[in-house]
Amino acid sequence: MTSPSITPALTPGLTPGPLDTLTAACARLASPSIVGPSPDGRTQPQSVAGGAAGIALLHIERAVAGHGEEATAHDWIRAAASEPISIGRNSDPFHGAPALAFMLHTADALGGYRRARASLNEATTTLTRQRLAAAHARIDRHEPLTMYEFDLVHGLTGLAFYHLHTHPDHPVNHELVTYLARITEPLGQGEARPPWWLHSGLGGTAHPDFPHGHGNLGVAHGISAVIALLAYAILHGQDSPAPRQALDTLCAWTDRHRQEDPTGTWWPGYVVPDAEPKSGRPSWCYGTAGTARAQQLAGLALHDTTRQHRAEDAMLAAITSQRERLPEIGLCHGKAGLLQAACRMANDSTDPHRSSQLKTQLPVLAADLARQLDTDSDGTPELMDGTAGAALALHTALTGNPATGWDAFLALS
């Protein structure tokens with residue numbers, strides 16, 4: 001299968017630079033031999049963040065969209081599944097059976113893998129229900145929420161995105177939405193902080209810099225992912241009073257922490273008692289890229305045009321006046337995450353003026369990312385912080401919304 005040329009879909013003003021950069025980046029990532037296991041486990045084959053499973057998403061997306069080689073995608077799929085697959089305590093949306101199940105879901109249009117996908121999906125559903133039972137038991141004991149229970153990277157919010165995207169009519173989706181609505185319910189009498197307050201540091205464990213814990217507004221480990229999930233569920237067949245009330249409650253809390261300054265609207269990545277909120281970088285993980293997308297989805301789900309427009313304005317401000325605060329290229333901390341979120345928001349905006357403004361800025365942001373990727377050609381190949389993620393964001397800017405919905409695991413689709 002030869003690779004046809006790309007006609008830019010979102011960015012008609014895009015210069016050849018980003019396309020040339022994308023082509024070169026994909027060529028550098030053609031062989032799975034560039035990724036091997038590491039002692040810290042980050043580049044294990046079944047890791048979405050740093051291993052073959054993540055880079056496979058790039059080649060699957062390219063092949064399904066008609067711009068890449070199917071054989072290359074299959075090579076990376078085999079590499080991702082080359083070791084015994086984790087279905088135990090260390091399996092989560094970014095690693096092990098759930099990660100590989102999602103990878104094979106994106107590859108559905110390529111054919112094959114039916115038995116493997118069914119087996120991985122069954123394992124993921126079993127794992128999800130085990131963790132749901134433990135989460136409900138924790139709530140029944142009136143114990144505080146933990147990051148690893150609910151977050152996008154390790155927890156039930158990430159698993160919920162997998163299930164809603166792969167089998168939206170499965171009963172487990174109602175179970176997940178019910179749980180995520182329940183984490184907004186007070187844990188007991190006299191509790192001053194919200195029930196989603198984390199009694200830990202930013203890593204999910206006790207830390208001396210966070211003696212009273214923190215309220216996490218980010219997408220990777222915080223409440224913005226829950227906002228995005230509940231909004232997505234309401235927009236895709238899981239609409240009922242409970243998730244709507246929970247979404248209202250969470251949005252009201254983020255509104256209390258929303259900030260305005262000369263650079264635009266922004267939300268802190270986290271809040272702690274008796275401290276001024278800090279303006280972070282406009283990244284996906286803890287910044288405007290992820291939070292604004294969650295707020296836009298909430299606005300669409302709740303028919304709240306003010307919320308939607310505020311989110312889109314915040315994204316425009318991040319692109320025009322804050323993007324230089326993202327020196328990295330990656331999806332997690334860098335310009336690729338900002339570009340991917342901006343593409344999604346531009347396409348989903350129901351306001352023609354704001355949509356046009358965002359689309360006008362996409363070529364500028366894509367060209368910035370491409371120049372940065374050109375100078376970082378010897379950098380890490382991985383998805384979250386490296387070349388693969390940057391290439392996927394450039395691919396989205398050139399072709400439109402992803403053909404495979406690969407960015408569901410980032411709570412962006």
Side-chain angles (χ1 to χ4, degrees), residues 1 3 25-65 68-128 153-154 158-159 161-162 165-166 330-332 378-392 395 402-410:
M1 175 181 174
S3 302
C26 291
R28 293 198 302 274
L29 301 179
S31 172
S33 64
I34 63 173
V35 174
S38 64
D40 63 5
R42 182 171 174 80
T43 58
Q44 287 182 354
Q46 57 198 284
S47 166
V48 168
I55 300 173
L57 294 180
L58 166 65
H59 293 293
I60 293 167
E61 169 66 24
R62 297 271 292 167
V64 171
E69 301 285 349
E70 288 190 17
T72 303
H74 290 302
D75 286 345
W76 277 96
I77 291 169
R78 286 191 290 270
S82 62
E83 293 185 353
I85 296 168
S86 173
I87 58 172
R89 291 176 60 85
N90 70 335
S91 58
D92 57 45
F94 275 52
H95 179 265
L100 296 187
F102 179 71
M103 177 193 72
L104 291 186
H105 169 72
T106 67
D108 188 56
L110 301 181
Y113 310 110
R114 184 171 299 176
R115 290 179 60 187
R117 182 180 166 193
S119 177
L120 288 167
N121 181 68
E122 182 179 357
T124 301
T125 302
T126 299
L127 176 74
T128 299
V153 174
H154 305 286
L159 291 169
F161 271 106
Y162 164 76
H165 278 266
T166 59
L331 286 171
C332 189
D378 295 327
T380 176
E382 66 183 46
L383 181 70
M384 288 304 291
D385 291 322
T387 300
L392 269 169
H395 174 86
T404 62
W406 67 267
D407 55 352
F409 85 100
L410 297 174

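For the residue pair Leu120 and Ala101, the shortest heavy atom distance occurs at CB-CB, 3.8 Å. The two atoms that bring Thr166 and Asn121 nearest to each other are OG1-OD1, 4.4 Å, heavy atoms only. Here the shortest heavy-atom pairing between Ala79 and Pro45 reads O-CB, 3.3 Å. Closest non-hydrogen pair, Leu127 versus Pro98, comes out as CD2-CG, 3.8 Å. For the residue pair Pro32 and Ala30, the shortest heavy atom distance occurs at CD-O, 3.7 Å. In terms of heavy atoms, Ile85 sits closest to Gly96 at CG2-C, 4.0 Å.
Under a 3.5 Å cut-off, the side chain of Thr128 and the backbone N or O of Thr124 do form a donor-acceptor pair. Side-chain atoms of Ser86 do not come within 3.5 Å of backbone N or O of Ala97 as any donor-acceptor pair. Here the side chain of Ser91 pairs a donor or acceptor atom with the backbone of Gly88 at under 3.5 angstrom. Without hydrogens or angle criteria, Gln46 side chain to Gly51 main chain gives no donor-acceptor distance under 3.5 Å. Side chain of Trp76 to main chain of Leu29: a donor-acceptor pair is present (N/O by atom type, distance under 3.5 Å, no hydrogens or angles).
Residues Asp108 and Arg117 have side chains in contact (heavy-atom distance under 4.5 Å, counting atoms from C-beta outward). Within the 4.5 Å cutoff, the side chain of Leu392 has heavy atoms near those of the Leu383 side chain.
Rounded to the nearest 0.5 Å, atoms CG (Leu58) and OG1 (Thr106) are 11.0 Å apart. In this structure, Cys26 SG and Glu69 CD are separated by 11.0 Å, a value rounded to the nearest 0.5 Å. In this structure, the separation between CG on Leu159 and CZ on Phe102 is 12.5 Å, given to the nearest 0.5 Å. In this structure, the separation between NE2 on His95 and NE2 on His154 is 11.5 Å, given to the nearest 0.5 Å. Between atom CG of residue Leu331 and atom CD of residue Glu382 there is a gap of 10.0 Å, rounded to the nearest 0.5 Å. Rounded to the nearest 0.5 Å, atoms CG (Asn90) and CG (Asp92) are 7.5 Å apart.
When the shell of 6.0 Å around CD1 of Ile87 is examined, it contains 12 or fewer heavy atoms from other residues, nucleotides or ligands.
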Go through the steps to decide whether Phe409 and Phe161 satisfy the test ring-ring contact (aromatic ring centres under 6.0 Å, His included), and finish with yes or no.
CA-CA 7 Å; Phe409 85 100; Phe161 271 106; over 10 Å; no
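Ring geometry for His74 versus Tyr113: interplanar angle of 30 to 60°, hence tilted.
With respect to Trp406, the side chain to side chain contact (heavy atoms under 4.5 Å, CB included) criterion is satisfied by exactly one of His395, Glu61, His165, Met103: Glu61.
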